[in-house]
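Presented below is the structure to which this report refers.
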Amino acid sequence: MTAAPPFLPYGRQSIDESDVRAVVEALGAEALTTGPGVPAFEAQFAGAVGARHAVVSNSGTAALHLPLLALGIGPGDLALVASVSFIATANAARFCGADVAFADVDPASGLVTPDTLRAAVERAGRAPRVVLPVHLNGWVADPAGVAELARGWDAAVVEDACHAVGGRYDNHSVGACAHAAFTAFSLHPVKTITMGEGGVTTTDDEALAEGMRRARNHGMTRDPARFANPEQAFGADGAPNPWYYEMQELGFNYRATDVACALGASQLRRLDGFVARRRQLQARYDAALADLAPHVRPVAAQPGQSPALHLYAVRIAFAGLGIPRAAVMEALKARGIGTQVHYMPIYRQPYYEGLYGRQRLPGAEAYYDSILSLPFFPAMQDEDVDRVVGALRAVLGI
């Protein structure tokens with residue numbers, strides 16, 4: 001009997017011997033956390049994306065929350081958020097007590113546009129203090145256009161690039177902060193590189209970087225220049241007391257371990273290979289799916305971009321074909337092919353409906369109704385792509 005082909009999940013990490021050696025070496029070091037591996041990885045990551053500063057944290061959610069803390073976002077402020085994203089994008093603003101206004105997206109790409117952002121502000125009736133565009137699937141959401149609008153509102157831009165590490169647009173690396181105060185990344189296992197769990201936020205502003213570092217460590221500082229209570233901080237000889245620290249603001253334990261940073265550093269050294277393979281798989285899918293149009297189309301490509309796609313998402317005319325999406329997913333699963341939906345619009349979540357009432361934005365609804373993420377990770381072979389597309393053709397009957 002011929003063995004069944006291996007199951008293909010929608011995403012999977014790639015760990016090799018170099019990653020294992022890096023982690024084992026970190027486990028043998030004197031410091032497992034808050035040691036030298038953290039700033040070393042930060043410097044390596046900043047250099048890789050062309051930013052002045054990188055602040056590592058323990059999740060992509062933390063990587064989104066920290067810049068909002070550094071900006072002083074709080075109650076009474078408005079955060080303008082892409083409606084199609086993982087819930088963490090909006091939650092980061094709510095953690096600060098800010099209100100959220102959801103911007104619609106282009107139905108073919110899932111990305112916010114200047115027009116959808118402007119319309120969201122008109123609905124909200126007030127200007128935002130921060131704008132959080134999402135670089136969905138790895139495609140970038142018009143950074144220059146978003147930045148121009150934000151300047152008019154006197155708002156900061158925090159790019160959610162949790163899907164986009166390794167990408168480029170208009171001769172800029174994603175993360176270089178060419179058009180944003182901050183760029184946030186996730187290094188979850190299914191992302192292009194992984195720390196196991198982890199996140200990184202980049203910025204070109206030294207003061208904001210230091211603010212994020214304090215916020216990830218309970219709001220503590222050991223910097224004598226910042227001490228507010230010199231009578232406690234310094235001895236009779238004027239030297240700082242070696243045990244002394246101050247908590248001057250409320251912070252969080254968002255620290256990343258040296259072990260996780262060792263894995264992240266090893267993965268970062270493999271980034272170019274990961275990106276090259278993802279681009280090869282993207283091209284293979286694009287070609288293989290061409291004759292399934294108009295029933296199946298890849299998410300709309302964006303001009304001037306060289307993405308490192310995190311997800312290979314397609315838009316399927318489920319209603320026109322008369323096949324429910326859930327039935328398609330189950331039929332593909334029976335053939336050993338995993339899929340996922342990225343994402344239901346955030347405003348549909350019960351928490352946000354409780355806050356702001358029922359909303360339905362036409363672009364977000366159209367994107368959500370059609371979207372499906374197919375298997376996409378560097379260890380896939382070319383024939384795996386052909387197998388996925390063949391199974392999809394059979395299940396859809398086209």
Side-chain angles (χ1 to χ4, degrees), residues 8-16 19-20 22-23 26 33 37-38 41-42 44-45 48-49 54-67 82 84-92 95 110 132 134-139 158-167 174-175 182-202 212 216 252-271 273-275 277-278 281 307-313 338-344 346 373-380:
L8 294 171
Y10 83 86
R12 178 187 287 156
Q13 70 273 12
S14 173
I15 302 296
D16 72 2
D19 300 321
V20 174
V23 170
T33 192
V38 176
F41 177 49
E42 289 176 333
Q44 181 186 356
F45 194 97
V49 301
V55 177
V56 67
S57 53
N58 58 15
S59 70
T61 302
L64 287 162
H65 189 196
L66 288 172
V84 175
S85 181
F86 185 55
I87 52 177
T89 315
N91 290 355
F95 294 159
L132 291 103
V134 174
H135 298 338
L136 190 67
N137 302 314
W139 294 105
V158 178
E159 296 178 312
D160 181 339
C162 289
H163 288 190
V165 64
V174 176
F182 302 91
T183 306
F185 296 94
S186 169
L187 274 64
H188 180 275
V190 296
K191 300 302 197 301
T192 302
I193 63 172
T194 185
M195 294 169 60
E197 282 278 7
V200 183
T201 312
T202 59
M212 288 192 290
R216 76 174 172 190
F252 297 81
N253 183 357
Y254 281 166
R255 298 186 301 257
T257 68
D258 284 54
V259 177
C261 287
L263 175 57
S266 178
Q267 288 266 297
L268 192 57
R269 289 189 285 271
R270 302 175 61 201
L271 178 60
F274 288 150
V275 170
R277 183 57 185 153
R278 284 178 178 271
L281 292 169
L309 293 186
H310 157 49
L311 299 168
Y312 192 90
T339 56
Q340 188 54 275
V341 176
H342 297 94
Y343 299 93
M344 183 171 78
I346 306 174
S373 296
L374 304 179
F376 191 68
F377 52 92
M380 286 178 63

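All values below come from the heavy atoms of this structure, side chains included, with hydrogens, waters and symmetry mates left out. We count residues from 1, following the sequence as given.
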| field | Side-chain donor-acceptor contact under 3.5 Å, S14 with R277 | value | no
| task | Go through the side-chain N and O atoms of E197 and N58 and say whether any donor and acceptor fall under 3.5 Å apart. | result | no
How long is the straight-line distance from [atom2] of [Y] back to [atom1] of [X], given to the nearest 0.5 Å?
X	Y	atom1	atom2	answer
S186	I193	OG	CD1	10.0 Å
R216	N253	CZ	CG	10.5 Å
Q13	M195	CD	CE	14.5 Å
S85	I346	OG	CD1	4.5 Å
F274	L268	CZ	CG	10.0 Å
Y343	T89	OH	OG1	8.0 Å

If you take all heavy atoms of [X] and [Y], which pair is closest and at what distance?
X	Y	answer
A62	S59	N-OG, 3.0 Å
L281	P378	CD1-CA, 4.3 Å
G196	L263	N-CD2, 3.8 Å
A164	H135	CB-CB, 3.9 Å
A184	A63	CB-O, 3.4 Å
A256	S57	CB-O, 3.6 Å

| request: Take the angle between the ring planes of H342 and H163 and call it parallel below 30°, perpendicular above 60°, tilted in between. | output: perpendicular
| Angle class for the F252/Y254 ring planes (parallel below 30°, perpendicular above 60°, tilted otherwise)? | parallel
Any side-chain heavy atom of [X] within less than 4.5 Å of one from [Y]?
X	Y	result
L309	W139	yes
V259	V23	yes
Q44	F41	yes
V84	V134	no
V174	V49	no
Y10	L311	yes
V165	F45	yes

| said: Go through it in stages, so that I can follow the logic: the residues are D160 and F86, the test is side chain to side chain contact (heavy atoms under 4.5 Å, CB included), and I'd like the CA-CA distance, side-chain angles, deciding distance and then a yes or no. | reply: CA-CA 10 Å; D160 181 339; F86 185 55; over 6 Å; no
| said: Walk me through whether L66 and F182 qualify under side chain to side chain contact (heavy atoms under 4.5 Å, CB included). | reply: CA-CA 10 Å; L66 288 172; F182 302 91; over 6 Å; no
| task | Dump the intermediate steps for side chain to side chain contact (heavy atoms under 4.5 Å, CB included) on L374 and T339, then the final yes or no. | result | CA-CA 5 Å; L374 304 179; T339 56; 4.2 Å; yes
Where the side chain of [X] meets the backbone of [Y], is there a donor-acceptor pair that is under 3.5 Å apart?
X	Y	answer
D16	D19	yes
T61	A88	no
H310	V190	yes
T194	L187	yes

| query | For H188, which residues count as a side-chain hydrogen bond (donor to acceptor under 3.5 Å, both in side chains) partner, sequence neighbours excluded? | reply | none
| request: Could you check L64, T201, T183 and say which one makes a side-chain contact (heavy atoms from CB on, under 4.5 Å) with E159? | output: T183
| task | Any chance you could lay out the side chain to side chain contact (heavy atoms under 4.5 Å, CB included) test for Q267 and T192, step after step, and finish with the verdict? | result | CA-CA 9 Å; Q267 288 266 297; T192 302; over 6 Å; no
